[in-house]
Amino acid sequence: MSELYIRVAEDENEEPMEIPSEDDGTVLLSSVSAQFPGACGLRYRNPESQCMRGVRLVEGVLHAPESSWGNLVYVVNYPKDNKRKMEEIDAASAVKIKRGFQKTSDLIVLGLPWKTTEQDLKDYFSTFGEVIMVQVKRDAKTGNSKGFGFVRFADYETQTKVIAQRHMIDGRWCDCKLPNSKASPDEPMRSRKIFVGRCTEDMTTDDLRQYFMQYGEVTDVFIPKPFRAFAFVTFADDQVAQALCGEDLIIKGVSVHISNAEPKHNNSRQMMDRGRFGAGGFSQGYGSNRGGLSRLFLLVHYDMDLFFLSLPLVKSAKLLLIYVKIIYTCHHK
DNA sequence: GTTGAGCGTT
């Protein structure tokens, strides 16, 4: 129709951006949200009443007020939960900044030639970034290299780059990895899991997942039942979890507090988080298969809850693990 | 004096 573009702004006082309209004079919400991510509609100040007025929205199509869009500046609407959009973006970038400042860890260097010295290591790795420590592990008596060492970089980005590739050092291919000591078998999830305190009962696992997604990939959300005013959220990246610790975040209008998830001992929950299902995951197990009784009873300790389960005859440990996985899945969705 | 998947004497 008349206008090719309408003027849209984040706020009345912000500089407007021109958004293209369609041939029939309508504007697609997707056109708006392409420039204003998360937008769910438009409003404008009615020149006569001086009141804000909503723009008609039907199935993703925004319709001009009266007959034309005129020369008004339209203001973006965000979902109520996203009212604090700017603050959330700030929080997200704060996490990124924090992540940039995250301290590096020693990396183990595997496969070193016997002859490689610490100076050799330093010379090689300095081509990636500032090296702040190198070690070649040697036999105490003979002084011979054990064929592996450690390196520490000043920069987290350097560390990431170095881990991602193989390294030709003095004629041998070597690998750099996070040492196992960084993910000790006793407390492997401490760094990837956060404790969310002051939760309210209306917060669902989906709510939490949706909210925490903005910081990074969420691999698990756990809300104890019955309601106990806290939850656990596990991220794929431990750096994200670490960065959030200590923060007060607003979820559904409620201030929740983020802290480190207290590492627990070898309970079933952690065994499962690790993808290491096993009999050790049960705090107790009772088998009953006497006198034709072909059922197995299990008392499963799952986080702080106990589940008493009755299973069909379990013929093998392998089958038992399959059952456990099913149970685990059921308690997760 | 050897070796080749792994995990760090202080």
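Just so it is clear: chains get the letters A, B, ... in the order the sequence lines come, proteins before strands, and each one is counted from 1.
- Of the residues in residues 110-130 of chain A, A:L110, A:G111, A:L112, A:P113, A:W114 come within less than 4.0 Å of DNA chain B through at least one heavy atom, sorted by number.
- Once the 5.5 Å centre distance and the 30° plane angle are applied, the aromatic ring of A:F148 is found not to be stacked with the base of B:dG6.
- Between the P atom of B:dG8 and the CZ atom of A:R138 lies a distance of 17 Å, rounded to the nearest Å.
- Between A:W69 and A:Y74, the ring centre distance stays below 6.0 Å.
- The NZ atom of A:K141 sits 16 Å away from the P atom of B:dT10 (whole-angstrom rounding).
- Look at A:K137 and you'll find a side-chain N or O under 4.0 angstrom from OP1 or OP2 of B:dT9.
- For A:T204, the side chain to side chain donor-acceptor pair (under 3.5 Å) partners at least two apart in sequence or on another chain are A:D207.
- Under 4.0 Å is where a charged nitrogen must lie from a carboxylate oxygen, and between A:D170 and A:K115 no such pair does.
- Scanning for side chain to side chain donor-acceptor pair (under 3.5 Å) contacts around A:T158 gives an empty result, with sequence neighbours left out.
- Regarding contacts with the backbone of B:dT9, a side-chain N or O of A:K146 is found under 4.0 angstrom from either OP1 or OP2.
- Using a 4.0 Å cut-off between a side-chain N of Lys or Arg and a carboxylate O of Asp or Glu, A:E201 and A:K252 do not qualify as a salt bridge.
- Comparing B:dC7, B:dG4, B:dG8 against the side chain of A:D106 picks out B:dG8 as the nearest.
- In this structure, the CD atom of A:Q135 is 11 Å from the C1' atom of B:dT9, given to the nearest Å.
- Distance A:R172 CZ to B:dT3 P: 11 Å, rounded to the nearest Å.
- Spacing between atom NZ of A:K177 and atom P of B:dG6 amounts to 8 Å, rounded to whole angstrom units.
- Ring geometry for A:F125 against A:F128 counts as tilted: the plane angle lies between 30° and 60°, on a 0 to 90° scale.
- Between A:F212 and A:Y215, the ring planes lie tilted relative to each other; the angle falls in the 30° to 60° range.
- One interatomic measurement links the two molecules: CG of A:L178 to P of B:dG8, which rounds to 15 Å at whole-angstrom precision.
- When the nearest nucleotides of DNA chain B are assigned to A:F150 and A:G147 by heavy-atom distance, the more 5′-ward of the two goes with A:G147.
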